[in-house]
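One structure below.
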Amino acid sequence: YRDRTCATRVCFVTCVSCNHTHVTNNTQIIGACLGRTGTTSLKAAFELLGYPSYNMWSLLHTAENRLAHSKLWYEAAECKAAKKPFDFGRIFHDEYTAALASPSSAFWQEHH
C-alpha cells in the first residue's frame with residue numbers, strides 16, 4: 001500500500017496489487033488485496049501501529065469464530081448478492097479496526 005493522502009476523517013490508500021485507490025475512514029483500514037501477498041506482514045505492521053486486524057486467521061483461530069463468523073460471512077455474501085446492506089459490526093465488533101485479505105476483501109466496497 002502506498003499512502004496517497006490523509007485528511008482528518010478520510011484516508012485514500014492505493015493497493016499495490018490492483019493499483020486502485022480505496023477510501024477508508026481513519027477508524028477502519030480495509031486491505032482490499034489478495035491473500036498470500038504479504039498480508040500477514042501487513043497485519044503485524046497495522047497491529048504494531050495500534051490497528052487490531054481481521055483476516056482469515058481471525059476467522060479460523062478458534063472453533064467459536066469458525067462457526068459464528070462463517071455463518072456471518074455467508075450472510076454477508078447473500079446480502080451482497082441481493083444488493084442489501086449488511087452490518088459488518090456484527091463480525092468486527094469493536095475488536096478490529098482493520099480488515100485484510102479474505103474474506104473481507106471481497107466486501108471492500110460494502111465496508112464504507
Side-chain angles (χ1 to χ4, degrees):
Y1 292 91
R2 296 184 305 258
D3 186 22
R4 287 278 177 101
T5 315
C6 282
T8 306
R9 293 291 301 153
V10 177
C11 186
F12 297 89
V13 180
T14 300
C15 178
V16 175
S17 299
C18 69
N19 205 33
H20 287 104
T21 300
H22 308 289
V23 180
T24 66
N25 74 36
N26 284 341
T27 58
Q28 187 177 40
I29 298 169
I30 302 165
C33 49
L34 300 174
R36 309 303 310 153
T37 59
T39 55
T40 302
S41 299
L42 189 58
K43 179 181 187 318
F46 282 154
E47 289 179 350
L48 282 173
L49 294 170
Y51 295 98
S53 303
Y54 186 98
N55 68 359
M56 186 60 81
W57 288 110
S58 307
L59 176 102
L60 300 174
H61 185 66
T62 64
E64 299 84 37
N65 277 2
R66 277 193 298 273
L67 182 57
H69 285 211
S70 294
K71 287 180 180 180
L72 289 169
W73 284 112
Y74 182 81
E75 185 180 333
E78 286 182 325
C79 287
K80 182 175 183 170
K83 298 186 185 324
K84 294 181 180 178
F86 178 79
D87 178 11
F88 287 93
R90 294 172 53 206
I91 295 171
F92 301 126
H93 308 284
D94 292 330
E95 187 176 350
Y96 301 101
T97 55
L100 304 167
S102 296
S104 56
S105 62
F107 300 91
W108 69 270
Q109 292 175 313
E110 289 81 3
H111 280 297
H112 52 53

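Just so it is clear, the structure is predicted and the values come from calculations on it, not from any experiment. The first residue of the sequence shown is numbered 1, and numbering continues consecutively from there.
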task: Could you pull out all residues at least two apart from E78 that satisfy salt bridge (charged side-chain N to carboxylate O under 4.0 Å, His left out)?
output: none

Hey, quick one: are [X] and [Y] part of the same hydrophobic cluster, counting side-chain heavy atoms closer than 4.5 Å, chains of contacts allowed?
{"X": "W57", "Y": "F88", "value": "no"}
{"X": "M56", "Y": "Y74", "value": "no"}
{"X": "W73", "Y": "L60", "value": "yes"}

field: Sole candidate of P52, S104, S58 that passes side-chain contact (heavy atoms from CB on, under 4.5 Å) when paired with F92
entry: S104

message: With salt bridge (Lys or Arg N to Asp or Glu O under 4.0 Å) as the rule and sequence neighbours excluded, what pairs involving residues 41-56 come up?
response: K43-E47

- line: For residues 48-57, the salt bridge (Lys or Arg N to Asp or Glu O under 4.0 Å) pairs (sequence neighbours left out) are none

task: Using the six-membered ring wherever Trp is involved, compare the ring planes of Y54 and H69 and label them parallel, tilted or perpendicular (cut-offs 30° and 60°).
output: parallel

- prompt: What is the ring orientation for Y51 with F46, classed by angle as parallel under 30°, tilted 30 to 60°, or perpendicular over 60°?
  reply: perpendicular

- prompt: What closest approach, in Å, do T39 and A101 show between heavy atoms, and which atom pair accounts for it?
  reply: CG2-CB, 3.8 Å

message: Once rounded to the nearest 0.5 Å, what's the spacing between atom CG of L42 and atom OG of S53?
response: 7.0 Å

field: Spacing of CZ belonging to F86 relative to CD belonging to E75, to within rounding of 0.5 Å
entry: 5.0 Å

- prompt: Is Y96 close to I91 at the side-chain level, that is, under 4.5 Å between some pair of heavy atoms?
  reply: no

